[in-house]
Amino acid sequence: MIFDWNQAKRRVGTANDSDVPLEDRYRLLIDAVQDYAIFMLDPTGRVASWNGGARKIKGYEAGEIIGRHFSVFYTPEDIASNKPAHELAVATAQGRVEDQGWRVRRDGSRFWADVAITAVYDTTGVLLGFAKVTRDMSERMRLAELEHASELAVRMQSAREEEQRRIARELHDDLGQQLTALKMGIAALENQLSDGNGGSPALAATRGLQQQIDDTIGSLRRIAANLRPPMLDDLGLAPALEWLADDFAGRFGVKTYVDIEVDHKIFTVPASTAIFRIVQEALTNVAKHAQASEVRITLSASTDRCTVRVEDNGLGDATGGERKTNSLGLLGMRERARQLGGFVLIDSAPRAGFRITVHLPLDAIQAGEPDTPGER
Ligand SMILES: Nc1ncnc2c1ncn2[C@@H]1O[C@H](COP(=O)(O)OP(=O)(O)O)[C@@H](O)[C@H]1O
Ligand SMILES: [Mg+2]
């Protein structure tokens, strides 16, 4: 029952369509289908025909599989529970059975299959066998899983951002106010002490305490702002990047330049957040790995894309681009860019600095134009 492809081609090639019998044309069509395994089983479940899709999906050549029982496509667990026979019994009783489950290829590997078995009868009602159509759903499953994982990543990232915003507010408002109150209390104490008693040790101690509290408030503000800079929500991306650069320069003694050649107010909040986090991580890497004396942050835009660049003049990538398994910083940047439909490029060579360039499509990160009257 194997269809002779070459013979059919010869016939198709030599004359007009009517020369090819209808039955052969159907077989040609079925054999040409690559995405579905389409084949016949005899009434006892032995493979009776085979098509190109079946060869591709299951890995058997027609000559190896025709005549063998179709239970070879099932897993040992399914065979133990008599599933193949059960499916034929249901198809016989109801005309058709559908199933999704694991099937086994010739090489023993498994794939997730979508299967339909239909009983085929002749005109007098005698069972001729079964038509079996199988589709390999593995790729689809993998895509669905990837989609799910990426949706999950987006949700986790925004939950994390929200949590950081909350902690930053509490640190700033609650703890910050308590420290300010403490400072005022000490200032009052200082006034009392200084009345008539110029240089007492207690007075010197209160001054010291004031200084400590100022430093603590400074640290607290910095920690809160790094968690979620309030200017990102209140003023937008550019002031937040300026603050980040100032803070970085102050803490690590690296000259930090910021060039913003784009109206930062056009960006959506998630886009501003993503760009801020990318630059923040890039600067963390400069502090950690670069030993640079200068770093430049550039934000520019063309007609259809926005480009964010962070480049330093430090040691460059000593690893030759090799990825460490526990390095999540660059991975996180790529993921953020990917979520916005963009991508990240890295150029670096040993001793030649490190440059991260992030390209983002403008239409994915730009807030919509406000509605104008008369337009939708
Ligand atoms: N500015 C930089 N200068 C030199 N090397 C860098 C710089 N940024 C990143 N790298 C290199 O890239 C690697 C991966 O960075 P990242 O994914 O952030 O992981 P981590 O910082 O945890 O090592 C770093 O370990 C480092 O070798
Ligand atoms: Mg890092």
Side-chain angles (χ1 to χ4, degrees), residues 146 149-150 152-161 163-165 167-168 219 222-229 232 237-238 240-261 270-300 305-360 365:
L146 275 179
S150 130
L152 208 64
V154 172
R155 265 188 267 156
M156 278 170 61
Q157 221 165 47
S158 84
R160 188 166 161 228
E161 206 64 50
E163 181 71 358
Q164 292 191 183
R165 193 182 271 137
I167 297 171
S219 300
R222 192 174 50 69
I223 293 167
N226 266 297
L227 276 172
R228 175 83 196 178
L232 192 54
L237 181 59
L241 288 179
E242 300 276 2
W243 169 81
L244 187 65
D246 273 358
D247 178 64
F248 179 78
R251 272 200 291 161
F252 298 103
V254 178
K255 271 192 214 136
T256 310
Y257 303 96
V258 183
D259 293 327
I260 297 182
E261 302 156 7
S272 297
T273 302
I275 295 171
F276 181 85
R277 294 299 182 204
I278 287 171
V279 174
Q280 191 177 34
E281 175 58 31
L283 289 181
T284 305
N285 277 347
V286 173
K288 211 162 128 185
H289 308 292
Q291 295 179 29
S293 61
E294 286 184 13
V295 54
R296 184 173 294 276
I297 302 160
T298 322
L299 193 60
S300 58
R305 62 158 73 159
C306 166
T307 303
V308 185
R309 184 167 285 150
V310 181
E311 53 192 320
D312 66 56
N313 65 350
L315 297 178
D317 189 5
T319 64
E322 196 184 306
R323 237 192 51 212
K324 295 175 216 158
T325 46
N326 57 352
S327 296
L328 296 178
L330 296 179
L331 201 69
M333 290 185 213
R334 289 188 198 282
E335 178 58 23
R336 284 188 188 273
R338 197 190 60 77
Q339 283 167 9
L340 293 168
F343 58 94
V344 176
L345 295 176
I346 288 170
D347 327 78
S348 177
R351 318 227 143 255
F354 201 90
R355 177 164 66 181
I356 296 175
T357 310
V358 185
H359 293 290
L360 302 169
I365 62 173

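All values derive from a computational prediction rather than experimental measurement. When a ligand or atom number is given, it counts from 1 through the structure's own listing order. All residue numbers refer to positions in the sequence shown, counting from 1.
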task = Could you label the plane-to-plane angle of the Phe343 and His359 rings as parallel, tilted or perpendicular, counting under 30° as parallel and over 60° as perpendicular?
result = tilted
Which atoms of ligand 1 sit under 4.0 Å from any heavy atom of [X]?
X      : value
Ala290 : 1 (N), 3 (N)
Phe354 : 1 (N), 2 (C), 3 (N), 4 (C), 5 (N), 6 (C), 7 (C), 8 (N), 9 (C), 10 (N)
Glu281 : 18 (O)
Lys288 : 20 (P), 21 (O), 22 (O)
Gly329 : 16 (P), 17 (O), 18 (O)

key: Ion pair check, Arg277 and Glu161, cut-off under 4.0 Å   = yes
request  = Taking only Lys NZ, Arg NE, NH1 and NH2, and the carboxylate oxygens of Asp or Glu, determine whether Glu335 and Arg338 approach each other closer than 4.0 Å.
outcome  = yes
request  = Please confirm whether Gly314 comes under 4.0 Å of ligand 1, counting heavy atoms of the residue only.
outcome  = no
remark   = From the list Ile297, Thr256, Val279, side-chain contact (heavy atoms from CB on, under 4.5 Å) with Leu244 holds only for Val279
note = Checking Arg309, Met333, Glu311 against Ile356 for side-chain contact (heavy atoms from CB on, under 4.5 Å), the one that qualifies is Met333
query = Which bit of Leu315 gets closer than 4.0 Å to ligand 1, counting heavy atoms only: side chain, backbone, both or neither?
reply = neither
request  = Carefully, step by step, assess Asp247 and Asn226 under the rule side-chain contact (heavy atoms from CB on, under 4.5 Å).
outcome  = CA-CA 9 Å; Asp247 178 64; Asn226 266 297; 3.6 Å; yes
ask   = Have Arg228 and Thr273 got a donor and an acceptor in their side chains that come within less than 3.5 Å?
value = yes
key: Backbone or side-chain N/O/S of Asn285 under 2.8 Å of the Mg ion (ligand 2)   = yes
query = Which N/O/S atom belongs to Glu281 and is the closest one to the Mg ion (ligand 2)?
reply = OE2
message = Taking distance alone, with N or O pairs closer than 3.5 Å, would you say Leu331 contacts ligand 1?
response = no
